[in-house]
Structure formats: structure tokens, C-alpha cells
Amino acid sequence: MKQPQKLVKPQGKLAVLLPGLGAVSTTTIAGVMLARRGVAAPVGALTQLGTIRLGKRTDNRSPRIKDFVPLPSLDDLEFGGWDIFPDNAHEAAVEAKVLETAHLDAVREELAAVTPMKAVFYPDYVRRLHGPHVKTGRSKADMVEQVRDDIRGFVRSRGADRAVAVWCGSTEIFIAPSEVHQSVAAFEAGLLASHPGISNSQIYAWACIKEGVPFANGAPNLTVDFPAASELSRTHGVPIAGKDFKTGQTLMKTVIAPAFKARMLGISGWFSTNILGNRDGVVLDDPDSFKTKEASKLSVLEQILQPGLYKELYSKLYHKVRIEHYPPRGDAKEGWDNIDLFGWLGYPMQMKVNFLCRDSILAAPIVLDLALFLDLAARAGFSGTQEWLSFYFKSPMTAPELYPEHDLFIQSMKLKNTLRWMMGEELITHLGNEYYD
């Protein structure tokens with residue numbers, strides 16, 4: 001990325017397109033609508049409540065991020081999306097059972113006006129879901145063109161100036177990159193042949209990139225993290241980011257594991273289990289979809305702890321992850337961790353973490369932040385992988401030769417320093433020598 005010489009200010013409306021109008025999407029949309037009316041606060045959204053230090057600590061310059069970088073106002077957001085069910089956003093939110101009736105009633109008419117477009121849905125990639133509100137086409141290439149038509153039509157009908165997209169759909173089955181993913185030409189040929197390696201989410205992403213719409217992947221699917229998508233995004237000047245929203249249990253891992261590593265405490269075992277009863281739980285009950293999620297969740301500790309460098313502390317770590325569908329919990333997910341660690345002279349200790357969280361409540365502010373930051377990236381002239389947005393993902397995308405940074409605090413520093421750099425401010429190193437010279 002080159003430092004922007006002139007950062008284009010946001011003009012007009014921003015269309016926020018969400019493939020998958022389920023619990024996460026409707027919680028995001030309703031939350032923004034409530035925040036616009038002053039009914040509830042957008043807690044968890046860095047773009048709305050976060051601050052950024054500028055200059056020395058003694059300068060006392062810590063503006064809100066939304067006042068520092070040119071972000072769209074919440075009033076300028078127009079929401080749309082696709083889903084395999086025809087329910088409007090109010091009906092889908094009632095079905096999801098995340099938000100209380102009082103909150104939904106406050107924005108009922110506005111929510112009901114958000115109706116999904118027909119979805120691209122090949123059931124082989126999400127086997128536990130079936131819905132009637134789906135597109136038909138001659139090939140996957142035809143599906144891409146239909147989504148492109150949808151994007152143009154939505155932007156035009158809502159009078160929007162530009163658009164961004166955030167994948168909020170279900171976890172797809174595990175797909176390994178193959179020859180079809182290696183170049184734009186190979187992928188385009190694969191679309192025409194309806195290649196089985198091209199999934200639903202890849203079709204949406206390809207359509208968005210070709211329409212100049214920045215795209216973030218909120219699931220662990222192979223969606224934009226392959227050479228052809230990277231090549232296309234750079235050619236079209238489109239920012240992309242992913243993958244898999246970092247919400248509950250993995251958020252805790254990226255806080256706790258760096259603390260152990262920083263103090264050189266060893267870990268012999270880390271067992272993680274989750275119970276959840278929402279639609280995500282239904283999908284992840286399929287072993288092939290779980291495999292996709294498992295790969296995302298398991299990679300975090302390996303890359304934070306670097307057992308190759310710290311053999312005596314982490315090379316024998318036994319890490320296991322389980323996800324169980326448990327309908328009584330609905331969206332109120334419980335993540336339970338047992339950590340067996342050891343300290344001075346090898347003496348054993350334990351830590352237990354029981355995070356009773358709300359999946360969509362944690363994901364909604366991530367969706368908002370990604371939409372606003374990706375729009376900022378586009379106006380800054382950035383394209384391709386936006387590693388500075390790693391803060392939001394379990395499996396951050398990077399350049400091919402790089403390993404991802406998973407430490408939440410390194411990710412936070414990277415994000416804020418990128419904002420400072422964009423705006424021509426001095427980067428913060430936290431060295432602090434200047435206060436004692």
C-alpha cells in the first residue's frame with residue numbers, strides 16, 4: 001500500500017451488502033438503526049467508540065477514531081443482502097431470537113423494509129440448510145453475473161454512491177485451494193464449467209470484486225484467500241479482508257496466550273469446547289463444515305506461541321477444539337477452556353475460562369467496523385489484502401510469504417498505526433525515551 005496523498009472524503013450513501021441475512025446481519029442492521037435513533041449505544045464498535053492517541057502522551061490528543069479518519073456517518077448506511085429464506089430483516093431477527101422485542105419494535109418498519117435478494121446457493125457446500133429463496137442459472141459464471149446485476153440494482157435503487165460487502169453467511173465445507181484457484185483465467189474457466197471447487201461464497205466475492213465492491217469474509221471458508229481472488233482484487237483496485245470473525249473463545253485465546261508467552265510460561269494442554277444452538281450450530285454439526293471451522297480455530301495457538309522457537313515451553317502442547325450443537329442455548333454461546341500450564345521449575349498450574357457470550361452481539365460491531373474501514377481503504381486507494389484489519393479475524397489473511405499475527409495487541413497496534421500513517425501522523429512505538437532525554 002502506498003500512503004494516500006489525498007484521502008477522498010465519503011460522499012453520499014454507502015450500500016452495505018450482507019450475504020446471509022440471519023442472526024449476525026439482522027443484529028448488525030437493527031443495532032445501527034437503534035444507534036441512529038439514540039435508543040442504544042454501538043458498544044464494541046471501534047469506529048464509533050474507540051479513540052486513538054496522536055503524538056506524545058503529554059500532548060493529550062486522543063480523538064475518537066470516527067473524528068480522526070473520514071468515515072461515513074451511520075445515517076449514510078443503506079443495508080441490503082441475500083438469503084435462502086425470503087423473510088425480511090424484522091422477520092429474520094424475530095426468528096433469530098437475539099434481540100429483545102422492545103428493541104425490534106422500535107425499528108420494526110425500518111427493519112421490515114430490508115428484504116433479501118435471492119441467494120446463490122448450491123447445497124453441497126452447506127448441507128444442513130435448505131431454503132426456497134434461491135437463484136437458478138446455467139452455470140456458476142451466470143450466478144456471478146446475477147449477483148453483479150443485484151449489486152448494481154441495489155446501489156441504483158437506494159441512491160448509493162458506492163458499496164461494500166461483508167460475508168455473514170454460514171460456514172461452508174472444507175475446500176482446499178486447487179488449480180482452479182491459482183489464476184484469474186483458471187477461475188473464470190472454472191465458473192463457466194461450474195467447477196466443484198468454487199463455492200457459494202466465492203461466487204459472491206468474485207461478483208463483488210468485479211463490481212469494485214470491497215469484500216470481507218466473516219466465515220472460515222475459502223472465499224478470497226487464494227491467488228486468483230488476490231490477483232483480481234489488485235487488478236480492479238479493490239480491498240479484501242478475512243477470514244472468520246474473531247468473537248468468543250478465539251478472542252480470549254488471542255488475549256491469554258500472548259500473556260503466557262510474554263512471561264515465558266509453558267503450556268502442556270489447551271482443551272476448548274463450545275455449545276451453541278443457533279443456525280451456525282446446526283451447520284457446524286456437519287463434520288465437513290466443522291473441519292473448516294476447526295482449521296481456523298486451531299491455527300491461532302500455533303502461530304502465537306511459535307513452538308519452533310520455544311520448544312521447551314510449547315512443542316508438546318496438546319490442543320483440542322470441539323463445537324456442539326445444543327438448541328436450548330440459541331445465540332447465547334458458551335465457550336469453555338481448560339488450560340494446563342507450567343511455571344518456574346516446571347511446576348503445574350491450571351486456568352479455567354468459561355465465557356458465556358452472545359455470538360451475534362459480539363459479531364455485529366465487527367461487521368460495522370469492517371464495512372466502514374473497507375470503505376475507508378477503498379477511498380485511500382488501497383487494494384488486495386488488508387492485513388491491518390487482522391484485529392477482527394481468527395485466520396487473518398496475509399501476503400503469501402508471511403505468517404499472520406494473531407496477538408490481539410499487536411493487531412490493535414497495527415490497525416491504529418495504519419490509521420495514523422494514512423493521516424500523516426507520527427507512528428506510535430511506545431519507546432518513550434523522549435520523556436526522559
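Note that the coordinates shown come from a computational prediction; the quantities given were computed from them, not determined experimentally.
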Is the Tyr318-Trp270 ring centre distance short of 6.0 angstrom?
no
Salt bridge present between Arg358 and Asp331 (N-O < 4.0 angstrom):
no
Can you say whether the rings of Phe226 and Phe187 are parallel (under 30°), tilted (30 to 60°) or perpendicular (over 60°)?
parallel
Could you grab the distance from atom CG of Leu313 to atom CG of Leu265, nearest 0.5 Å is fine?
8.0 Å
If you compare all heavy atoms of Pro116 against all heavy atoms of Phe85, which two are closest, and at what distance to 0.1 Å?
CG-O, 3.5 Å
Note: Asp59-Lys56 ion pair, threshold 4.0 Å (strictly below):
no
Testing the basics here: between Asn417 and Leu427, what is the closest heavy-atom pair and its distance to 0.1 Å?
O-CD2, 3.4 Å
Any salt bridge linking Arg37 with Glu110? Criterion: basic side-chain nitrogen under 4.0 Å from a carboxylate oxygen.
yes
Within-4.5 Å side-chain heavy-atom neighbours: Val164 and Leu17:
no
Quick check: does any side chain N or O of Asn274 sit under 3.5 Å from a backbone N or O of Ile323, one acting as donor and the other as acceptor?
no
If you draw a 6.0 Å radius around CZ in Arg148, do more than 12 non-hydrogen atoms from other residues or ligands fall strictly inside?
yes
Is any side-chain heavy atom of Ser139 closer than 4.5 Å to one of Ser194?
yes
Is there side-chain contact between Ile339 and Ile267, with at least one heavy-atom pair below 4.5 Å?
yes
Between the side chains of Lys246 and Gln411, does any donor sit under 3.5 Å from an acceptor?
yes
Is there a salt bridge (charged side-chain N to carboxylate O under 4.0 Å, His left out) between Asp161 and Lys13 once you walk through the steps?
CA-CA 5 Å; Asp161 179 67; Lys13 294 181 179 179; over 6 Å; no
Nearest heavy-atom approach of Thr28 to Ala364 is OG1-CA, 3.2 Å
Does the side chain of Ile275 reach to within under 4.5 Å of the side chain of Trp336, using non-hydrogen atoms?
no
Would you say Glu91's side chain and Asn88's backbone share a donor-acceptor pair under 3.5 angstrom?
yes
Trp82-Phe121 aromatic ring centre distance below 6.0 Å
no
Using side chain to side chain contact (heavy atoms under 4.5 Å, CB included), reason through Thr385 and Thr398 one step at a time and then give a plain yes or no.
CA-CA 7 Å; Thr385 298; Thr398 67; 5.7 Å; no
Can any side-chain N or O of Gln3 pair as donor or acceptor with the backbone N or O of Trp421 at less than 3.5 Å?
yes
Under 3.5 Å: donor-acceptor pair, side chain of Lys210, backbone of Ala207
no
Flag, side chain of Lys394 to backbone of Pro220, donor-acceptor distance under 3.5 Å
no
Is there a donor in the side chain of Gln146 and an acceptor in the side chain of Lys118, or the other way round, less than 3.5 Å apart?
no
Do NZ/NE/NH1/NH2 and the carboxylate oxygens of Asp359 and Lys333 come within less than 4.0 Å?
yes
Using atom types as modelled and distance alone, determine if a side-chain donor or acceptor of Lys253 lies under 3.5 Å from a backbone N or O of Leu301.
no
Is the number of heavy atoms from other residues, nucleotides or ligands within 6.0 Å of CD (Glu426) greater than 12?
no
Do any N or O atoms from the side chain of Glu172 and from the backbone of Leu222 form a donor-acceptor pair under 3.5 angstrom?
no
Carefully, step by step, assess Lys320 and Thr273 under the rule side chain to side chain donor-acceptor pair (under 3.5 Å).
CA-CA 8 Å; Lys320 194 167 190 175; Thr273 191; over 6 Å; no
Less than 4.5 Å apart, any side-chain heavy atom of Glu387 and any of Pro396?
no
Would you indicate whether Glu302, at its atom CD, is surrounded by more than 12 heavy atoms from other residues, nucleotides or ligands within a distance under 6.0 Å?
no
Got a donor-acceptor contact below 3.5 angstrom from the Arg420 side chain to the Arg53 backbone?
yes
Applying side chain to side chain contact (heavy atoms under 4.5 Å, CB included), run through Lys135 and Met143 and close with a yes or a no.
CA-CA 8 Å; Lys135 298 182 185 300; Met143 292 296 195; 3.8 Å; yes
Contact between Asp407 and Thr254 at the side-chain level, heavy atoms closer than 4.5 Å - yes or no?
no
Go through the structure and list residues passing side chain to side chain contact (heavy atoms under 4.5 Å, CB included) with Thr47, not counting sequence neighbours.
Ala45, Leu71, Leu368, Asp369, Leu372, Phe373
Ile256 versus Val353, closest heavy-atom pair with distance:
CD1-CG2, 3.8 Å
Minimal non-hydrogen separation, Ala219 against Gly169, with atom names:
CB-O, 4.2 Å
